[in-house]
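Single-structure report; data block below.
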Amino acid sequence: MPTPEQITTFTNDAPPPGESPWVVPQTREAIDLFEPDPAWPAAFARLESRIRHALGGRALEVLHVGSTSVPGLPAKPVIDVDLIVADPNHEPAWLPTLVDAGFVLTVREPWWHGHRLVKHRDPAANVHVFGPDAPEPWKHRVFRDHLRRNAVDRQRYADVKRELARIATAGRETVMEYNARKQACIREIYERAFAAAGLRDAESRAGGNG
């Protein structure tokens, strides 16, 4: 498990010079937000079943994250999943069977916690592949659980998402550009989520023992 400091630290995921994470190039599409759909958890359950059937014990964890995992949040109708495998950099151990199951490798960025992104068409999904020690899935869970509990932050995030989706669609921005616009709000909520989870206290105690 990563340390509290690693979980609460945001690292730069920019590629090294000359490298690109995109296996499949980005496209410019409208950012269409849908109102909360009670069918999203069932869509995740179908995805989880497909992933576990493909990988068996190699799927260490399959987690529903992102806005579709938070009741009451509007979202793009795309299920976000965190898949934990023993070593995402060893693709032969997990990628071919996912490809056979209908997933498409879209992003490969080994410089950022070994992250890979595989996409699925029906149900639409972004599956983020990480290793057991990666801090990102922990961040995602802390953020998800905070928004499930905290109605004020959940509403604030919903309002920001709707406004920025309108701006992004009008400007024909990519999803990555839309996500970048959300970052200030997300980081602000993360700080409250980290504090509520006790991670900031744990980080301070660890730093005091140095």
Side-chain angles (χ1 to χ4, degrees), residues 1-17 19-23 44 48 51 55 57-70 73 79-91 93-95 98 105-119 125-150 153-154 156-157 160-161 175-176 178-210:
M1 177 180 172
T3 66
E5 182 179 7
Q6 290 170 327
I7 295 170
T8 57
T9 299
F10 292 92
T11 58
N12 182 10
D13 61 349
E19 298 281 350
S20 172
W22 294 99
V23 178
F44 165 73
E48 180 182 19
I51 292 167
L55 294 183
R58 287 169 291 171
L60 300 181
E61 286 195 81
V62 184
L63 304 164
H64 190 189
V65 295
S67 292
T68 62
S69 71
V70 179
L73 265 187
I79 307 299
D80 281 308
V81 179
D82 279 346
L83 167 62
I84 311 302
V85 300
D87 182 1
N89 291 317
H90 184 49
E91 292 182 1
W94 57 270
L95 181 58
L98 284 184
L105 179 65
T106 305
V107 169
R108 176 190 285 120
E109 42 188 351
W111 53 84
W112 188 59
H113 312 300
H115 175 247
R116 270 71 169 171
L117 169 67
V118 296
K119 291 198 171 192
N126 291 329
V127 180
H128 300 273
V129 185
F130 290 102
D133 293 330
E136 289 305 302
W138 284 93
K139 286 184 173 71
H140 298 165
R141 278 177 274 184
V142 169
F143 192 77
R144 176 197 66 190
D145 293 348
H146 177 76
L147 290 180
R148 285 175 174 177
R149 292 189 304 265
N150 190 302
D153 276 343
R154 187 168 61 246
R156 168 163 168 69
Y157 190 39
V160 167
K161 281 164 63 75
V175 171
M176 295 298 289
Y178 162 70
N179 288 340
R181 286 183 180 274
K182 292 190 301 179
Q183 188 176 89
C185 175
I186 289 172
R187 294 285 176 88
E188 176 188 316
I189 294 172
Y190 258 123
E191 287 304 312
R192 291 191 286 273
F194 291 151
L199 288 164
R200 285 302 190 203
D201 290 342
E203 181 184 358
S204 297
R205 288 196 300 274
N209 291 332

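The basis for the numbers below is simple: all heavy atoms, side chains too, and nothing from hydrogens, waters or symmetry mates. Only a predicted model underlies this, so the values are computations on that prediction, with no experimental measurement involved.
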Rounded to the nearest 0.5 Å, what separates atom [atom1] in [X] from atom [atom2] in [Y]?
X: Q6; Y: M1; atom1: CD; atom2: CE; result: 10.0 Å
X: I84; Y: W94; atom1: CD1; atom2: CH2; result: 11.5 Å
X: L117; Y: T106; atom1: CG; atom2: OG1; result: 5.0 Å
X: D133; Y: D87; atom1: CG; atom2: CG; result: 11.0 Å
X: K139; Y: D82; atom1: NZ; atom2: CG; result: 11.5 Å
X: N89; Y: H113; atom1: CG; atom2: NE2; result: 12.0 Å

Original post:
What do you reckon, is NZ of K182 surrounded by more than 12 foreign heavy atoms closer than 6.0 Å?
Top reply: yes

Is the closest side-chain heavy-atom distance between [X] and [Y] below 4.5 Å?
X: M176; Y: W22; result: yes
X: R200; Y: T8; result: yes
X: V65; Y: P137; result: no
X: R156; Y: C185; result: yes
X: I51; Y: V127; result: yes
X: H128; Y: D80; result: yes
X: L105; Y: L95; result: yes
X: V107; Y: R116; result: no

**OP:** Mind running side chain to side chain donor-acceptor pair (under 3.5 Å) on D153 and H146 for me, showing each step along the way?
**Re:** CA-CA 8 Å; D153 276 343; H146 177 76; 2.7 Å; yes

Original post:
So does E191 pair up with R187, basic N to acidic O under 4.0 Å?
Top reply: no

Subject >> R141/E61 salt bridge by N-O under 4.0 Å criterion >> reply: yes

Closest heavy-atom pair and its distance - [X], [Y]:
X: F44; Y: V62; value: CZ-O, 3.7 Å
X: P88; Y: G114; value: CB-O, 3.3 Å
X: E109; Y: D13; value: OE1-O, 3.7 Å
X: T9; Y: E5; value: OG1-O, 2.6 Å
X: A86; Y: L60; value: N-CD1, 3.8 Å

Original post:
Quick one: is the NZ or CZ of K161 closer than 6.0 Å to the six-membered ring centre of Y157, and within 45° of its axis?
Top reply: yes

Original post:
Should I7 and F194 be marked as a side-chain contact (heavy atoms from CB on, under 4.5 Å) after you check the CA-CA gap, both sets of side-chain angles, and the distance that decides it?
Top reply: CA-CA 9 Å; I7 295 170; F194 291 151; 4.2 Å; yes

Looking only at atom types and distance, does a side-chain atom of [X] sit under 3.5 Å from a main-chain N or O of [Y], one as donor and one as acceptor?
X: R154; Y: L147; result: yes
X: R58; Y: L55; result: yes
X: K119; Y: N126; result: no

**OP:** Step by step, work out the side-chain contact (heavy atoms from CB on, under 4.5 Å) result for S69 and H140.
**Re:** CA-CA 10 Å; S69 71; H140 298 165; over 6 Å; no

Original post:
Given V142 and L199, is the side-chain contact (heavy atoms from CB on, under 4.5 Å) satisfied, shown in steps?
Top reply: CA-CA 10 Å; V142 169; L199 288 164; 3.9 Å; yes

Original post:
side-chain hydrogen bond (donor to acceptor under 3.5 Å, both in side chains) with R108: which of E91, E19, H115?
Top reply: E91

**OP:** Hey, can you tell me if W112 and F130 have their rings parallel, tilted or perpendicular (30° and 60° cut-offs)?
**Re:** perpendicular

